[in-house]
Structure formats: structure tokens, C-alpha cells
*Asks:* 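Dumping the structure here so I can ask a few things about it.
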Amino acid sequence: METEPKKIIIDTDPGIDDAMAIFMALRSPEVEVIGLTTIYGNVYTTLATRNALHLLEVAGRTDIPVAEGSHVTITKGAKLRIADFVHGADGLGNQNFPPPEGKPIEESAADFLVQQAKINPGKVTVVALGPLTNIALAIQLDPDFSKNIGQIVILGGAFAVNGNVNPAAEANIFGDPDAADIVFTSGADVLAVGINVTHQVVLTAADREKLASSNGKFAQYLTKILEVYFSYHEEAYNTKGVYLHDPTALLAAVNPLLLTYVEGVVRVQTSGITRGLTLLYNKQKRFGEVNEWSDKPTVKVAVTVDAPAVVKLVMDRLMDS
Ligand SMILES: O=c1[nH]cnc2c1ncn2[C@@H]1O[C@H](CO)[C@@H](O)[C@H]1O
């Protein structure tokens, strides 16, 4: 029987569903958030840091450190794809929030990840909600990082389904495919929660109404910022609900029994028209020839999710906040 909450670091590009996941984490007694690290994706890294500090101020949790992450990809690429059309120009539903009062810590995200994994070997879970640059940098910085880190839960990939950037690629993997391939083949305990799973977890307009009618602080805040996210989903997917990508990945760290997964080797396509494609080798065939999946460490890839249970947890924990 484990009594101590699981220590988690959320690597994040807030982001509307990131805000939901961060608030969920703060409302989940099973986990203790020991830091946020920031990355580009939904917004540029500078704004991600600002939004991370802002969200912690909204939550009254300025005791949690924020470490700023990379501004460029692992190959030093500065031409980033930013999903402001999903989250609004400010990343948080165009609400004109005041700038945060707090500041990030001196250490970089990668340094913070390395240090925390070293202090608590096997005990820290990273929940990675954006492109994987910071995690790959941590792996490159410290040869022991993959061993020291407890688990890396990745919100990313599109396993045997279309992507959301284009038919091949999901946004977080597309953001830095080289970094993703480093993380997937690092030997760390990796659990990938892709959009093949998160697209099953939908918050409906009726759920949003319920959030709006609750007095919960987080519920009230999220009701407002969710408007932009709903508009985007209606336009892009012709649905009146939104996908709970980041909250689902967070809950996979909180309670792994909410999902099932398979184990295999994942490689990421880093060039060409399928750049960002995640391809799982399920080990069902022993190939005669050596290939790019041969002898690489396995990871876990989520295949099913108890979607009603995830939505219920999100609603319960955010309404009562
Ligand atoms: O269509 C999209 N393009 C880019 N990013 C998206 C899109 N839909 C959602 N996200 C964002 O990327 C992650 C999941 O891939 C989520 O963080 C989500 O907010």
C-alpha cells in the first residue's frame, strides 16, 4: 500500500487543455506537483512560462517552481509550429489576464529535470504535455536520467490513426520529431498516450454548462477559457465537444488503471512527408532482417481508455475546487 503521493513534474505549453491538466493535478491527492517545466507548442516558450506562472497564481500555488525550457528544437530549429489557432493568441482563450508576478527559477527545464530525477531516483514521473525537447535534452545532459526518472508519460503520437497536424503527425511529436525519437528509444519507462486514445475522451457542451454553474474556482476559470477551444473543435471537427488530451495524460499518471496499453518499440519519422509519424512495432513478428526497430527498448502505448471515468474525474475534481 503506497501512502506517499507520486511526485510529478508537468512539462507544459499552456494551452487550454494544459490549464485543465495542471488544475486537475493540483486537485489530485494521489500526486504531488513538484514543478512545472515549460516548452513551446501551443504558444512560444516565453509565453508558456508566463502562463505557467499565471496558472499557479490563480491556483494559489506559487510555492511550485517553474523552470523555463527550450526555445528551439533539439536540432536548434527555430521555425516552430505554434497552435495559437487552437488556444488563442495568449494560449488561454484570449482573456487578457494580467502578467504574473512570479518568475521562473534560474535553472533550465532540462537541468531541473535532471536534478529532480537524481535527488529522487525512480520516484519522479514526468507528464509531458508538449513537444519533447526538454526531456530529450535531459537525456543528453545526463546518461543516468533515463534510469533515474520514474516514468515519462507522454501526451503525443497518433498510433495507427490519422494525426491532427496532417494525416501523418500529431502536434506534439510534429513539434520536435528528433527529440521524440530520442525519448522513445531512451530506455526510460515511457507511457505514450496518443490521440488514438484522447480522441475518445470528449468534454461536451453540456459538461461545460455544468462547470459554468459550479462555484468552483477552477471550474469558473476554465469555463471562460474553454470557449475558444470549443470554437476550434467545431470548426475543425464539426463537433460541439472538445478532446481532453492533456487531462487524459495527466490522469494516466494519477491512475494507470484508467487505460490499457501494449508494449513495443516506437520510432518516429524525422523527415519527409510523414515527418512526425509514430510507428509502433508490436513484436508479433520476428523479422529476419535487422531494421530500425531492432534491439531498441520497448515502451508502453495506450490503446484503450475508460473515457466516462476520465470525464467524470475531470468534472468532479474541477467542480469541487
Ligand atoms: O489540430 C491541432 N493542431 C495542433 N495542436 C492541436 C490540435 N488539436 C489539439 N492540439 C493540441 O495539441 C495537443 C494534442 O495533439 C494538445 O495539447 C492540444 O491542445
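Indexing begins at 1, ligand by ligand and atom by atom, following the structure's order.
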*Asks:* Look at ligand 1 and say whether N42 reaches it with a heavy atom at a distance under 4.0 Å.
*Replies:*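 Checking ligand 1 against N42, which is what was asked, there is a heavy-atom contact under 4.0 Å.
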
*Asks:* Please examine the side chains of Q151 and V126, heavy atoms only from C-beta on, and report whether any two atoms are closer than 4.5 Å.
*Replies:* no

*Asks:* Taking Y237 for its side chain and G241 for its backbone only, find out whether a donor-acceptor pair lies under 3.5 Å.
*Replies:* no

*Asks:* Should N172 be counted as touching ligand 1, given the test is an N or O pair under 3.5 Å?
*Replies:*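 So ligand 1 has no N or O lying under 3.5 Å from an N or O of N172.
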
*Asks:* How about H245 and Y229: are their ring centroids closer than 6.0 Å?
*Replies:*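 No, the ring centres sit 6.0 Å or more apart.
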
*Asks:* If you count the atoms of ligand 1 from 1 in the order shown, which ones are under 4.0 Å from a heavy atom of A171?
*Replies:*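 The atoms of ligand 1 under 4.0 Å from a heavy atom of A171 are 4 (C), 5 (N), 12 (O), 15 (O).
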
*Asks:* For atom 10 (N) of ligand 1, what is the closest protein heavy atom, and at what distance to 0.1 Å?
*Replies:*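 The protein heavy atom lying closest is N164 ND2, 4.1 Å.
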
*Asks:* Check whether NZ of the Lys or CZ of the Arg R27 lies under 6.0 Å from the centre of the six-membered ring of F218 and within 45 degrees of that ring's axis.
*Replies:*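 Here R27 fails the 6.0 Å and 45° test against F218.
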
*Asks:* Can you tell me which residue and heavy atom of the protein come closest to atom 16 (C) of ligand 1, and the distance to 0.1 Å?
*Replies:* D17 OD2, 3.4 Å

*Asks:* Do T248 and Y243 meet the criterion of a side-chain donor-acceptor pair at a distance under 3.5 Å?
*Replies:*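 On atom types as modelled, these side chains do not qualify, holding no pair under 3.5 Å.
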
*Asks:* With the threshold set at under 4.0 angstrom, would you say Y243 reaches ligand 1 through any of its heavy atoms?
*Replies:*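 The answer is no: ligand 1 sits nowhere under 4.0 Å from a heavy atom of Y243.
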
*Asks:* What part of Y229, side chain, backbone, both or neither, has a heavy atom within less than 4.0 angstrom of ligand 1?
*Replies:*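 For Y229, only side-chain atoms sit under 4.0 Å from ligand 1.
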
*Asks:* Suppose I only count heavy atoms of A83 and a 4.0 Å limit; which atoms of ligand 1 are within that range?
*Replies:*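 The atoms of ligand 1 under 4.0 Å from a heavy atom of A83 are 4 (C), 5 (N).
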
*Asks:* Once you restrict to heavy atoms under 4.0 Å, what part of R81 touches ligand 1? Side chain, backbone, both or neither.
*Replies:*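 Just the side chain.
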
*Asks:* What is the nearest protein non-hydrogen atom to atom 2 (C) of ligand 1, stated with its residue, atom name and distance?
*Replies:*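 For atom 2 (C) of ligand 1, the nearest protein heavy atom comes out as Y232 OH, 3.3 Å.
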
*Asks:* With side chains defined as the heavy atoms from C-beta onward, is the minimum distance between R61 and I64 less than 4.5 Å?
*Replies:*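 When only atoms from C-beta onward are counted, I64 and R61 do touch, with a gap below 4.5 Å.
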
*Asks:* Taking non-hydrogen atoms only, is D246 closer than 4.0 angstrom to ligand 1 via side chain, backbone, both or neither?
*Replies:* side chain

*Asks:* If you count heavy atoms of other groups shown closer than 6.0 angstrom to CZ of F97, is the number above 12?
*Replies:* yes

*Asks:* What are the atoms of ligand 1, with element, lying closer than 4.0 Å to any heavy atom of E170?
*Replies:*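 What qualifies from ligand 1 is 13 (C), 14 (C), 15 (O).
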
*Asks:* Minimum heavy-atom separation for A253 and V153, please, with both atom names.
*Replies:*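 Closest approach of A253 to V153, heavy atoms only: CB-CG2, 4.1 Å.
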
